[in-house]
Amino acid sequence: MLEQIHLLAAVTVLGVLEQAYFFLQVIYARRAFGISPPKISGPPEFERIFRAQVNSSEYFPIFLALLWQAGLFFHQGLAAALGLLYLYARYCYFTGYRASSSERLAPIYISSGVLWILVVASALGILHFFISHYMGLNILRLLTS
């Protein structure tokens, strides 16, 4: 069983570490700009860091659900590779947004595209499972014969 999920687990841990890094950046920015919680407004430099972290946190559960569904039902290696690409794009999004709001655009498009690919892989994998499990049809075998 573990050989079927080890790549997904590794990407998940990397994602959690990335989220922790983003959280720490907000803490450092709060200290640097003298903004105590619960305040969320301040100089644009702080607000961009705060917004990048919040946005990344909002998408993280969606990413995790799709990563695991695509990995379990479609292909672990492909899902893990897409997961790494997503995490890299999110890091570029965070650092780009920190510099300027316009620098976030290309990475957000890439990460959104990766999420859509994971949606499609998840849906195809789950559909294949339902068809093979409940209808007894193996579509892959039918396509290759």
Side-chain angles (χ1 to χ4, degrees), residues 1-135 137-140 143:
M1 166 86 180
L2 292 179
E3 62 276 350
Q4 297 172 335
I5 62 169
H6 67 284
L7 297 176
L8 303 175
V11 173
T12 299
V13 170
L14 288 174
V16 169
L17 292 173
E18 182 177 67
Q19 289 297 306
Y21 171 77
F22 296 160
F23 293 142
L24 288 174
Q25 295 309 300
V26 171
I27 292 169
Y28 299 149
R30 282 188 180 282
R31 290 179 184 158
F33 295 107
I35 301 170
S36 298
K39 286 185 178 180
I40 58 171
S41 61
E45 295 83 4
F46 168 77
E47 289 183 7
R48 287 194 309 266
I49 293 168
F50 180 80
R51 194 61 224 144
Q53 182 270 319
V54 169
N55 184 272
S56 295
S57 294
E58 291 168 345
Y59 276 86
F60 194 61
I62 296 167
F63 163 68
L64 285 180
L66 292 172
L67 172 75
W68 280 85
Q69 288 175 29
L72 292 174
F73 288 98
F74 191 79
H75 190 276
Q76 178 187 202
L78 176 65
L82 288 169
L84 290 174
L85 178 60
Y86 177 84
L87 294 177
Y88 177 72
R90 271 294 159 172
Y91 177 78
C92 292
Y93 166 81
F94 187 89
T95 58
Y97 206 169
R98 169 184 237 155
S100 144
S101 60
S102 63
E103 295 289 319
R104 78 190 196 290
L105 294 176
I108 197 71
Y109 294 144
I110 293 168
S111 63
S112 295
V114 170
L115 287 179
W116 279 110
I117 294 169
L118 287 170
V119 165
V120 169
S122 298
L124 289 174
I126 292 168
L127 179 65
H128 176 262
F129 174 80
F130 282 143
I131 290 172
S132 64
H133 187 74
Y134 293 108
M135 298 175 73
L137 295 173
N138 188 330
I139 294 175
L140 297 177
L143 291 174

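The first residue of the sequence shown is numbered 1, and numbering continues consecutively from there. As the structure is a prediction and not an experimental result, all values here were calculated from the model. Only this structure's heavy atoms are used, side chains among them; waters, hydrogens and symmetry mates stay out.
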Mind listing the closest non-hydrogen atom pair of [X] and [Y] along with its distance?
| X | Y | value |
| --- | --- | --- |
| L67 | V11 | CD2-CG1, 3.9 Å |
| A70 | L118 | CB-CD2, 3.8 Å |
| A89 | P107 | O-CB, 3.4 Å |

Assess the residue pair Q19 and S57 against the criterion (side-chain hydrogen bond (donor to acceptor under 3.5 Å, both in side chains)); give the C-alpha distance rounded to whole Å, side-chain angles, the decisive distance to 0.1 Å, and a yes or no.
CA-CA 7 Å; Q19 289 297 306; S57 294; 3.1 Å; yes
Which value, rounded to the nearest 0.5 Å, describes the distance between [X] atom [atom1] and [Y] atom [atom2]?
| X | Y | atom1 | atom2 | result |
| --- | --- | --- | --- | --- |
| N55 | F50 | CG | CZ | 11.5 Å |
| I5 | Q76 | CD1 | CD | 8.0 Å |
| E47 | S101 | CD | OG | 11.5 Å |
| C92 | L87 | SG | CG | 11.0 Å |
| I126 | I131 | CD1 | CD1 | 12.0 Å |

Please collect all side-chain hydrogen bond (donor to acceptor under 3.5 Å, both in side chains) contacts where either partner lies in residues 65-75, sequence neighbours excluded, each pair once.
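Residue pairs passing side-chain hydrogen bond (donor to acceptor under 3.5 Å, both in side chains), neighbours aside: T12-W68.
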Which is it for F94 and I49 under the side-chain contact (heavy atoms from CB on, under 4.5 Å) test, yes or no, and what are the steps along the way?
CA-CA 7 Å; F94 187 89; I49 293 168; 3.9 Å; yes
For Q25, run the side chain to side chain donor-acceptor pair (under 3.5 Å) check against Q53, R30, R98 and tell me which one passes.
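Single side chain to side chain donor-acceptor pair (under 3.5 Å) partner of Q25 among Q53, R30, R98: R98.
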What residues form a ring-ring contact (aromatic ring centres under 6.0 Å, His included) with F74, not counting sequence neighbours?
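ring-ring contact (aromatic ring centres under 6.0 Å, His included) list for F74, sorted by chain: empty.
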Go through Y86 and Y59 one step at a time and tell me if the side-chain contact (heavy atoms from CB on, under 4.5 Å) criterion holds.
CA-CA 11 Å; Y86 177 84; Y59 276 86; 3.4 Å; yes
For E3, all residues meeting salt bridge (charged side-chain N to carboxylate O under 4.0 Å, His left out), sequence neighbours excluded
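Applying salt bridge (charged side-chain N to carboxylate O under 4.0 Å, His left out) to E3 gives none.
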Row check, Y93 ring normal vs R90 NZ/CZ: under 6.0 Å, within 45°
yes
Salt-bridge test for R48 and E103: reply yes if a basic N is under 4.0 Å from a carboxylate O, no otherwise.
no
Can you confirm whether more than 12 heavy atoms, excluding those of F23, are under 6.0 Å from its CZ atom?
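Enclosed: over 12 neighbouring heavy atoms sit under 6.0 Å from CZ of F23.
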By side chain to side chain donor-acceptor pair (under 3.5 Å), which residues pair with R104, not counting sequence neighbours?
none
Run the side chain to side chain donor-acceptor pair (under 3.5 Å) test against E18 and tell me which residues pass, sequence neighbours left out.
none
Just say parallel, tilted or perpendicular for the rings of F129 and F73, cut-offs at 30° and 60°.
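The arrangement is perpendicular - the two ring planes meet at more than 60°.
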Stepwise side-chain contact (heavy atoms from CB on, under 4.5 Å) test for Y97 and I108
CA-CA 10 Å; Y97 206 169; I108 197 71; over 6 Å; no
Check step by step if side-chain contact (heavy atoms from CB on, under 4.5 Å) holds for F60 and V16.
CA-CA 9 Å; F60 194 61; V16 169; 4.2 Å; yes
Could you go through residues 39-46 and list every donor-acceptor pair under 3.5 Å that involves a side-chain atom there, pairing it with any protein atom two or more places apart or in another chain?
none

